[in-house]
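What follows is a set of notes on a single structure, which appears directly below.
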Amino acid sequence: MSSTSTSATSAAAFPAKKPSVQQPKWYEPSDKSSTKPKLKIYNSLTRTKNDFHPIKPGHITWYSCGPTVYDHSHMGHARNYVSTDICRRILQDYFGYNVLFIQNVTDIDDKIIIAARQQHLFEEKIASQYRDVKEVLDLTRTSLKYYVKKNLPEFKGDVEKDFVTWSQSIPNFEEVKKEKPKFPMYVKAVVRAINAINDENISYHSFLDDVKDVAVVYLDKEYGASVTEPSIFKKLPLYWENKFNEDMSKLNVLSPSITTRVSEYVPDIIDYVDKIISNGYAYATEDGSVYFDTVKYEHSKHDYAKLQPWNKGDMSLINDGEGSLSLGNSKRSPSDFALWKASKPGEPAWDSKWGKGRPGWHIECSVMASDITGSQMDIHSGGVDLCFPHHDNELAQSEAYFDNNQWVNYFMHNGHLHIQGQKMSKSLKNFITINDALKDFSSRQLRFVFALCPWNKPLDFKDSLISEVMSIESTFSKFFTNVRALNNEYKHKVENGEYISKRIGENEKQLYAELSKAQDDVDAAFNDNLASGDAIKCLVELVSKSNNYIQLATTSKSELRIEALLSVTSWISKILNILGFQSRPDKLGWVDESSSEGVGSTEEVAMPYVKALAQFRDQVRNLAIKKADLKEFLTASDTIRADLINLNVSLDDRPDGNALVKFLNESEKQSLLNQQEAKVKQQAEKEAKRKEQEALKAKKEAEKLAQSKIPPNEVFKNDPLYKEFDEMGIPTIDSKGEEISKSMKKKLMKQYQQQERLHNEYLKSIGEPS
């Protein structure tokens, strides 16, 4: 074989190597994340906003102080738990954290023990023993005297005869109230009981309601020590725990991830207290109680009263935190607080190495939270009134137990709630229950109240805030209704095969730019201490911009691009849903709170609308047959429009002659009905005024006609001011016998001439010579 053929064969067997293919260069986008705001949360431990750094990335452990269940939940609780719920939702649904949310139920406490005991004694000693007012009067009078002696020692007279007058004439009432906050409550209870005693027509049931507050205090003093059955102390807190949960459900507050009850943690509490003693920060006393040693704790590596150091040593706060059933006689320092209380007769008790007793208030949260979160947690929350001593004592106990320096990284305290400037208190019995508040306001309106105010600031539930809430709610509702109507109209056109351009113009581009800006602004608001109020204001502004877009498209007759509006609306719904305002499945607004849950058959749903349409058709047909005036057709059109409003449908006229169909919620329907009613009333008033003016005009014309019939020479004859007249009938002598002056004669002559002209016109009108 030749070399040439050998070379060709070799080339065929081994083809030339292809040039390597390289991936084209990718230009990495510049990192602009440094411009994005960082999440900051107001921290009571620093009294400033701190960058938020969870212990475990992507996860948050959160313990919230739950209710002490012995009475109705009130608006102060609503403020606390709804505001906390909003913060929780933002962290988990906006920022994407996995939140383990723990909340306790305090079902062992001095207030609960007293309330349970008193309720039991009232039912046993009075409600089940007597059947009418006369039978229980003597016991009531004895109770009343004891109540006044115990709580109002300032009063020295006869209770039934003199107390009411005395209570109404206290000169320095406000000063007394400041010094003794429960004073008004005591006075109110006594006055109410006295009025019941003096009311001869009062029913037995009402009598018991009115005297209960004074009667139970005396019963507890006499028989309280005899109440020992454990079930009595479980029955009342369980009842109010269930009521609390019902209230939270009505307010759309998320359930805790974990709920803890003090009564289920008593063995753990005993062990926890024992370890604090072993660590050298607590001591047992001879009566079987255990106290935390605040002096020893402060002289170690720890700090006491981290949250409110200025309240350290405030005995009124310390004593209130200890509870009214505490002994505290053997404490080493007045600032020391009970970890374990020796139980007295009439109090629930558990066995411990120190004797029979029960947990102190502060220790319960330390034990329950530590059981789940361990030696450190991300967030602890509660009302600002719990800062000292409750939360400060929690911190001390827990850090003494773990012997560390920071049990909680972020303490979030909700601000106080005032109603029209007045602070509420369950212990002072001057509160509005959540159930009562929901009779006047919807759950959504209450959530708006709390969402608009910074969670850590005081909130005054006053008229101006309510007006703002109503306005904002109406703004969102009208916008959602409008967008859904426009979307339905768009769908109808598509279903009918109508061509609709998808190209966006400058107006749409501007709306998308407004949406992008709102998204950045809401992000900044949420990063700045979870500022839900600022976020809502951003949404309201975006709604305004969107309404301007709709108005521009309507008035200029340019085609509206529904996609742009749907993008805006679904994002607004998403943010509102994050804040706890439940959105519709289509993401075009929120769920109508007033809508009925059940949906009937197609016939049941359609019948009212079909009936209204059939009546309109009959009316128009009959008008056409009789060739009625066009005004009657317009009247028929107005009638069907009014009828549809009652069926939650609005027809909005537009410049192009096509009505926009809107489905209304109950509040929007009522608003339009009110407008209709006002319009009808206005028209009725206008018609009444017109008739009144016509009647007045007719009266004046009748009077003028009657006047015109009088001949000029007779016009003064019946006037009692004059006695004698000349040949023309003009007065010459008045009724006093004095001659008429020249100036008066001139005036009388002018009147004569006016009457002469008027009478001549009358004669001319009836065809007689003047």
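Remember, it's a predicted structure, so these values are computed and weren't measured experimentally. Worth knowing before you read on, the calculation uses all heavy atoms, side chains too, and leaves out hydrogens, waters and symmetry mates.
Other residues, nucleotides and ligands place more than 12 heavy atoms under 6.0 Å from the CD atom of E694. The neighbour count for E563 CD, taken as heavy atoms of other residues, nucleotides or ligands under 6.0 Å away, is above 12.
A salt bridge does not link K689 to E692: none of the charged side-chain nitrogens sits closer than 4.0 Å to a carboxylate oxygen. Note on K243 versus E241: no salt bridge recorded, every NZ/NE/NH1/NH2 to OD/OE distance being 4.0 Å or above. The pair D209-R192 fails the salt-bridge criterion, with no side-chain N (NZ, NE, NH1 or NH2) lying under 4.0 Å from an Asp/Glu carboxylate O.
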*Starting from the C-alpha separation in whole Å, work towards a yes-or-no answer on side chain to side chain donor-acceptor pair (under 3.5 Å) for T433 and D436.*
CA-CA 5 Å; T433 67; D436 284 342; 3.2 Å; yes

*Which is it for F450 and D85 under the side chain to side chain contact (heavy atoms under 4.5 Å, CB included) test, yes or no, and what are the steps along the way?*
CA-CA 10 Å; F450 303 131; D85 183 68; over 6 Å; no

*Begin with the C-alpha distance, continue with both residues' side-chain angles, and end with the deciding distance and a verdict on side chain to side chain donor-acceptor pair (under 3.5 Å) for N414 and Y81.*
CA-CA 9 Å; N414 293 302; Y81 295 111; over 6 Å; no

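Looking at heavy atoms from C-beta onward, Y490 lies out of side-chain contact with L565 at the 4.5 angstrom threshold. A heavy-atom distance below 4.5 Å is not found between the side chains of Q551 and N547.
Expressed to the nearest 0.5 Å, how far NZ of K679 lies from NZ of K686 amounts to 11.0 Å.
For an aromatic pair to be called close, the ring centres must be under 6.0 Å apart, and W62 with F101 satisfies this. Close placement of the F441 and F461 rings is indicated, their centers lying within 6.0 Å of each other.
Q510 and E514 share a side-chain donor-acceptor pair at under 3.5 Å.
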